[in-house]
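Notes follow the structure.
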Amino acid sequence: MLRPAVLGFLLACAVSLSSSATILENGMPVLWGHTAGQMTDLPVQNDVLTPDPWHYLHRMSLYRLMIAATDPFMGSMGPNATESPLWGLTLQLGWMLTSGRLADPTGATTCGLQTGDTMCISPQSWWACVNYFTSVLPFLSAAQQGFMGPNLQVQMQVPAGVEDYCTTYDDCTTRFPDAMAKWDAFFQGLKAAAESPLPDNEKKDSLLGLYWEAQMASTYASSACKARQSHYSSEEVSFAGSWLNSAEYVSAAHFQSSLERAAMFLTPLPSRILKAGDSAPNIEDLSSEENHSLYVFGWMKTINSVLGGSMVRMWKNAMCSVDKREKGRDMLEQLMLNPSFATTTFLGIVTGMSTGC
């Protein structure tokens, strides 16, 4: 099933014909149909599941298996099969692939390049490293909590000479206890919600709160990846910082990163790695939508820095109720997707909202 040579060729063709990063194929994440639909599609050694998270199809398979295992507990998210917040991570990984961000940034190998193995994920990629914390860690937690079947043992493969990635539940819990504890809490919360008498809107908000606590804990733990930023331009590093900063806003608003909603926010992200001299909103070979998203991301990070971090604090204070979080999600959508929605308007509304809690 997982045939990298054939799929790599197909993907290379798709990327070369496209002027922007592709995150959907036939309405699903990139190469979704070629990922593992069941546990037995992944390698097993001595009764231990041994996925290779440095192969795109394997890493995407972790998401597919998690979504399938948790969907029966996601009823409060909505009636469709694509409402789980985990879908946002699948599209994020697809965007990283097609925009070239999973490839080796050092130039020492052809990992992830069209001239090499396009399915290869480089351990030297900062983006791949950060994503490891939101793919491998939750999968290991879900397996530990019994979602993948009883007593399943998992050991992630690791490339020779690479030592700074955890590979088992116990290993990751030792190195990153807060992140693993919060993923455990999310998966335990899913089981508890199935038995809860609370109305669906309250269960949904609570589960999204647990989900985003876990994702942000993974994001904070991924500071371990920082040294890998030295392989990129200052423009790409700046974008990476603003991308991380944006997570503070969507997490506090309990954004439901379903397939459809996540696609709206991820489609305008830059379709290539930024290089020296790129300055949004005037990057000629990027679309107006990509330029706008880069400009807004940069503005949000800059204004928060100028205000000494108080922008994020005000936003988090403003997201103090289910209704306020709903309004916050609407505002983020306007800011990111509506070029006529002024940044000053956003700042003024946030200031007013934060004093009303």
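What's counted below: heavy atoms across the whole structure, side chains too, no hydrogens, waters or symmetry copies. One-based numbering along the sequence shown. Small disclaimer: the values here were computed from a predicted structure and weren't measured.
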Apply ring pair (Phe, Tyr, Trp, His ring centres under 6.0 Å) to residues Phe139 and Tyr63 and explain how you reach the verdict. CA-CA 8 Å; Phe139 184 85; Tyr63 289 134; 9.4 Å; no
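- The 12-atom threshold is exceeded at CD of Gln157, counting heavy atoms of other residues, nucleotides or ligands nearer than 6.0 Å.
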Pair Asp171-Leu140, side chain to side chain contact (heavy atoms under 4.5 Å, CB included): steps then yes or no: CA-CA 10 Å; Asp171 185 13; Leu140 291 170; over 6 Å; no
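- The minimum heavy-atom distance between Leu91 and Ala263, with the atom names listed, is CD1-N, 3.6 Å.
- Taking the charged nitrogens against the carboxylate oxygens, Asp330 and Arg325 have no contact shorter than 4.0 Å, which rules out a salt bridge.
- Residues Asp184 and Gln145 bring a donor and an acceptor atom of their side chains to less than 3.5 Å of each other.
- Scored by the ring-ring contact (aromatic ring centres under 6.0 Å, His included) test, Trp87 finds Trp32 as partners (sequence neighbours excluded).
- With a 4.5 Å cut-off between side-chain heavy atoms of Ile, Leu, Val, Met, Phe, Trp and Tyr, the cluster of Met216 takes in Tyr220.
- Nearest heavy atoms, Tyr56 versus Leu93: CE1-CG, 3.8 Å.
- Remark: Lys301 fails to qualify as a cation-pi partner of Phe239 under the 6.0 Å distance and 45° angle criteria applied to the six-membered ring.
- When atom types are taken as modelled, the side chain of Tyr165 and the backbone of Pro123 share a donor-acceptor pair closer than 3.5 angstrom.
- Relative ring orientation between Phe186 and Trp183 is described as perpendicular, the plane-to-plane angle rising above 60° on a 0-90° scale split at 30° and 60°.
- Looking at Asn131 and Arg59, their side chains do bring a donor and an acceptor atom within 3.5 Å of each other.
- Within the 4.5 Å cutoff, the side chain of His58 has no heavy atoms near those of the Ile121 side chain.
- With no hydrogens or angles considered, no side-chain donor-acceptor pair links Ser251 and Gln215 at under 3.5 Å.
- Linking ILVMFWY side-chain heavy atoms closer than 4.5 Å, directly or via other members, places Phe346 and Val306 in two distinct hydrophobic clusters.
- Linking ILVMFWY residues whenever their side-chain heavy atoms come closer than 4.5 Å, directly or via other members, leaves Val154 and Val48 in distinct clusters.
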Residues Arg64, Asp41; criterion salt bridge (charged side-chain N to carboxylate O under 4.0 Å, His left out); working and verdict: CA-CA 12 Å; Arg64 183 173 177 179; Asp41 291 328; over 6 Å; no
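- Using a 3.5 Å distance cut-off with no hydrogens or angles, the side chains of His254 and Asp205 do pair a donor with an acceptor.
- The stretch residues 236-330 participates, sequence neighbours left out, in these disulfide (SG to SG under 2.5 Å) pairs: Cys320-Cys357.
- Residue pairs meeting the side-chain hydrogen bond (donor to acceptor under 3.5 Å, both in side chains) criterion with at least one partner in residues 237-246, sequence neighbours excluded, are absent.
- More than 12 non-hydrogen atoms from other residues, nucleotides or ligands lie less than 6.0 angstrom from NZ of Lys191.
- Between Arg261 and Glu83 a salt bridge is recorded (basic side-chain N to carboxylate O distance below 4.0 Å).
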For the pair Gln256 and Leu208, evaluate side chain to side chain contact (heavy atoms under 4.5 Å, CB included) and give the outcome as yes or no after the intermediate values. CA-CA 7 Å; Gln256 184 182 355; Leu208 288 172; 4.0 Å; yes
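- Inspection of the Asn338 and Ser340 side chains reveals an N or O donor paired with an N or O acceptor under 3.5 Å.
- With hydrogens and angles disregarded, a donor-acceptor distance shorter than 3.5 Å links the side chain of Thr50 to the backbone of Pro43.
- Minimum interatomic distance between Asn282 and Asn291 (heavy atoms only, all atoms of both residues): N-OD1, 3.2 Å.
- Judged by the 6.0 Å distance and 45° axis criteria, Arg101 is positioned over the aromatic ring of Trp127.
- Using a distance-only test at 3.5 Å, with no hydrogens or angles considered, no donor-acceptor pair links the side chain of Asp104 to the main chain of Cys111.
- Taking the six-membered ring where tryptophan is involved, the planes of Trp54 and Tyr132 are essentially parallel, since the angle between them stays under 30° and well short of 60°.
- Judged purely by atom type and a 3.5 angstrom limit, Ser230 uses its side chain to pair as donor or acceptor with the backbone of Ala227.
- Shown here is Phe73, whose CZ atom has more than 12 heavy atoms of other residues, nucleotides or ligands within 6.0 Å.
- Applying the salt bridge (Lys or Arg N to Asp or Glu O under 4.0 Å) test to every pair with at least one member in residues 348-357, sequence neighbours left out, gives no pairs at all.
- Defined by atom type and a distance below 3.5 Å, a donor-acceptor pair is present between the side-chain atoms of Gln155 and Thr167.
- Side-chain contact annotation: Gln144 with Ser141, donor-acceptor N/O pair under 3.5 Å absent.
- With a 6.0 Å radius and a threshold of 12 heavy atoms from other residues, nucleotides or ligands, Asn46 has its CG atom at or below the threshold.
- Electrostatic pairing of Lys327 and Asp323 does not count as a salt bridge here, judged by no charged N lying under 4.0 Å from a carboxylate O.
- Cluster membership for Tyr249 and Val322, using ILVMFWY side-chain heavy atoms within less than 4.5 angstrom, is not shared.
- Asp285 has a carboxylate O that lies under 4.0 Å from a charged side-chain N of Arg272, or vice versa, which qualifies the two as a salt bridge.
- Under a 4.0 Å N-O distance rule, the pair Glu248/Lys316 qualifies as a salt bridge.
- Residues satisfying the ring-ring contact (aromatic ring centres under 6.0 Å, His included) criterion with Phe176, sequence neighbours excluded, are Phe133.
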